[in-house]
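The structure appears right after this line, and notes come after that.
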Protein chains: 2
Amino acid sequence: MDSRRKIVDSAKEMFWRHGYSTTSPKQVMAESGVGQGSYYHHFPSKAQLGREVVDENGRDLVDAVQAAISGLRTGREQVVAFLRSADDALAGCRIGGFAYDAGMLAEPSLRDALSASFERLTAVVESAIRAGQRDGSLSSSLDPGRTATALVAVVEGAFVLARATGRQASADAAAAGAIALLDAVAR
Amino acid sequence: MDSRRKIVDSAKEMFWRHGYSTTSPKQVMAESGVGQGSYYHHFPSKAQLGREVVDENGRDLVDAVQAAISGLRTGREQVVAFLRSADDALAGCRIGGFAYDAGMLAEPSLRDALSASFERLTAVVESAIRAGQRDGSLSSSLDPGRTATALVAVVEGAFVLARATGRQASADAAAAGAIALLDAVAR
DNA sequence: GTCTATAACTTGATAGAC
DNA sequence: GTCTATCAAGTTATAGAC
């Protein structure tokens, strides 16, 4: 694997777990095993590395959700599978933490990449809701766009709660509460 | 106002808006107008200041929610008022961002204070749900604890989405979606 | 592309005088 | 309680050789 890829792969994991502003280039060099000269040759500024990390982590997240819901028969099952996204909530969302990183939001290119990732994620959930309304597994009375945004918020909030309390059960309860609400409407 | 209070008041605002790990003691001194000697006399370590900030911001948040819902006639109205908490979402939640701050979570005393604040908030929402079930404005079929956790997650997620997209409308859509779900169940 | 050396600045304190 | 001076370590790079 080339140095550039080693840098990006290490940074993806480290920015996710430890934060963008609170992870230094030096730490990325140590973790990836890439030297300083090589590192700055590929990424002259931290923001450039951040940009690639946000793009790739956002794509990884959307890909993971699509993989989790593909093949499920009903729209409701797909939505329920999405709500299980925070099954390892203590690790945090791949991109959710960036929303509270002032250093990241201050860079327009990083913020744009983050915004685009969340929009793609919400669109996937909205599609699943529409599918559920067509196949009869979800109530047609729900507005697909707003409901999708609310469900993405539940998942992002589940990550926040679990990390704040230190208990995975907080995320599980949030997901269970949302599923119960959905099912009570469908009924 | 004494120096200690100036320090805490400035730090509450700065840790909230800019993050705990990404705000330095020096910045707090500059903002509060307190000198270095005085600052370190009152707060020999940053974690001690962090502890007071988490406690006070958590209490401020719970107080604000209770003030917003007190006097509302039905439990449903109280829950809806809570869901409007992210009406200035771009500023971020007073304590939500701390859940993604590794430097804060690494300190047990800070993490415990954060956890306690979220538990108090969830308890307030759960009380409102139970009140709504008693007065008939919310469905009795809902589990109060799980539903409260789900609704707190919606609000925390609404902050994340709004900050990530840079649009208040994201938070508004999440809240509207959750309210629509609740009302569809109650009906 | 990768190396080592260096730079200018910030971070989170500590020391000792007033 | 508050002041100024100092500190070791870390941050985000840049310079120039190989």
Side-chain angles (χ1 to χ4, degrees), chain A residues 1-54 97-98 100-111 113, chain B residues 1-55 97-98 100-111 113-114:
Chain A
M1 189 162 43
D2 65 346
S3 292
R4 189 189 163 84
R5 188 98 291 271
K6 284 183 192 164
I7 294 167
V8 174
D9 282 347
S10 291
K12 282 171 69 177
E13 190 84 7
M14 298 176 86
F15 290 176
W16 167 18
R17 309 277 184 175
H18 189 255
Y20 169 72
S21 291
T22 45
T23 303
S24 68
K26 201 171 197 171
Q27 288 174 303
V28 175
M29 290 169 217
E31 181 74 18
S32 63
V34 170
Q36 200 163 14
S38 184
Y39 173 91
Y40 278 105
H41 169 75
H42 292 295
F43 295 101
S45 85
K46 192 180 174 184
Q48 286 174 48
L49 176 56
R51 175 62 200 269
E52 286 208 24
V53 166
V54 173
F98 298 155
Y100 274 109
D101 191 313
M104 174 155 283
L105 298 183
E107 286 280 342
S109 67
L110 297 183
R111 172 169 224 152
Chain B
M1 190 160 46
D2 65 345
S3 292
R4 190 188 162 85
R5 188 96 294 271
K6 284 183 192 164
I7 294 166
V8 174
D9 282 348
S10 291
K12 282 171 68 177
E13 189 85 8
M14 297 176 87
F15 291 177
W16 165 19
R17 310 278 184 174
H18 189 254
Y20 169 72
S21 291
T22 44
T23 303
S24 68
K26 200 170 198 171
Q27 289 174 303
V28 175
M29 290 168 216
E31 181 73 18
S32 62
V34 171
Q36 199 163 15
S38 184
Y39 173 91
Y40 278 105
H41 170 76
H42 293 294
F43 295 101
S45 84
K46 193 181 173 184
Q48 287 173 48
L49 177 56
R51 175 62 199 268
E52 288 208 22
V53 167
V54 173
D55 280 339
F98 297 156
Y100 274 109
D101 192 311
M104 173 155 284
L105 298 183
E107 286 280 343
S109 68
L110 297 183
R111 173 171 222 150
L114 186 59

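Excluded from the calculations below are hydrogen atoms, water molecules and symmetry mates; all remaining heavy atoms, backbone and side chain alike, are included. First the proteins, then the strands, lettered A, B, ... as listed; each starts at 1.
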How long is the span from the NE2 atom in B:His18 to the CG atom in A:Asp101, to the nearest 0.5 Å?
8.5 Å
Distance col, row A:Ser3:OG vs A:Met29:CE, nearest 0.5 angstrom, shows 12.0 Å
Measure from the side-chain heavy atoms of A:Tyr40 and tell me the nearest of D:dT11, D:dT14, D:dT4.
D:dT14
For [X] and [N], what is the distance between atoms [atom1] and [atom2] respectively, to the nearest whole Å?
X: A:Tyr20; N: D:dT11; atom1: OH; atom2: P; value: 14 Å
X: A:Met29; N: D:dG10; atom1: CE; atom2: P; value: 14 Å
X: B:Lys46; N: D:dG10; atom1: NZ; atom2: C1'; value: 14 Å

Write down the atom of [X], the atom of [Y], and the distance for their closest heavy-atom approach.
X: B:Thr22; Y: A:Ser21; answer: CG2-CB, 3.6 Å
X: B:Gly50; Y: B:Tyr20; answer: CA-CE1, 3.8 Å
X: B:Leu114; Y: B:Val54; answer: N-CG1, 3.5 Å

Does anyone know the first and last nucleotide of DNA chain C in reach of chain B, 5' to 3', at under 4.0 angstrom to a heavy atom?
C:dT11 to C:dT14
Tell me which of A:Gly37 and A:Lys26 sits closer to the 5' end of DNA chain D, going by the nucleotide each one is nearest to.
A:Lys26
Donor-acceptor pair, B:Glu107 side chain versus B:Met104 backbone, under 3.5 Å?
no
